[in-house]
Amino acid sequence: MTHQALKDLPKVELHCHLELAFRKKTLQRWAVEAGMGMEKDNDFAQGFLITEPMADLPSVLHKFLNTRDLLDSAAKVEQLTFETCEDMFLVSNVRVLELRFAPSFLLDAHPHMKADDLLHAILRGVARAEAQYPMAVGLLGLLQRIKSVEDNAWWCDWILERKQHFVGMDLADDEVAFPASPFAPLFQKAKAQGLGITVHAGEPNVKGAARNILVALDELGADRIGHGVQAIHDLEVVGRLVDDAIPLELCPWSNVLTQAVPSLHAHPFKALMEAGVRTTLNTDDPGVMDISMMDECKNATQHLGLTLEDLQQCNDWAKEASFIPANRIQNIWPS
Ligand SMILES: [Zn+2]
């Protein structure tokens, strides 16, 4: 299958963390300007990119925090947002793009920034991209399960008070040590107010992780599941995903890097699809993981056993499952 045939396919990206979706050249320049001594590409890669399966969590976390430290102004956040959208369109022909971000994640490091300034910087970046390219971009507010219910309740209300700017809400971070159940009332509240709900669940290769998918569906009212790759180990969970037509936001390369799966070849993407699950293809963290949607598509066809028709099917499901209103998608989708 040619590069052009893959590129020509209009794409949908549902699972992308904005804070970790930077353009490499730009982040490297900011790192140099900050005096971090990152002039050499190799040093920058060491400090900011995850390019092989991670050996330990602290070293990966360190790279996330390095990136966060550099995102210290509204101007940078606007540029980051615009370039993320632009690269998605120009490199990969992504037409529908959902970007998720946790205001608490950036503001923890930059207390001088205000949450509304951050949101408006992101909105300016999105507006510029939508004016320039035929794409529809939507924002998801992300709650961090490593924080208290009280903190998250505050952010949930903050998001709901600005819900004209959001299409959905997500729950992220360590799902093993921090169960989702305590956050259920917040997600039920957001769902009742019309936001789409997605929850990171069934991601790590830990016994029983697949059951977290059921909690996300039954207690948090999830419309989609972030990752959910471990569902393959639990027939009941697969049956539930099929029966309820719940899409999985699969991120194969991210799964390899975090060792959620042992290799691309061992990834159950195709097996889940053949079992009748609505599988979608996503990048997770295109900046820090140094991967574009085009790279993901190539991996999918070269290592996951997907055909161009399979990819088209996944994009159809993703388009249908997007929280962005259908009329906005209709306006930009090529006929
Ligand atoms: Zn994620």
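In each ligand, atom 1 is the first atom listed, and ligand 1 is the first ligand listed.
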Out of the N/O/S atoms in D284, what is the name of the one closest to the Zn ion (ligand 1)? OD1
Among the N, O or S atoms of H200, the one nearest the Zn ion (ligand 1): NE2
Kindly report the NE2-the Zn ion (ligand 1)-NE2 angle for H15 and H17 respectively, rounded to 10°. 100°
Is the closest basic N to carboxylate O distance between R145 and D173 below 4.0 Å? no
Do S181 and E219 meet the criterion of a side-chain donor-acceptor pair at a distance under 3.5 Å? yes
Does any donor atom in the side chain of T280 or N282 lie under 3.5 Å from an acceptor atom in the other side chain? yes
Pairwise side-chain contact, N255 with H227, heavy-atom cut-off 4.5 Å (strictly under): yes
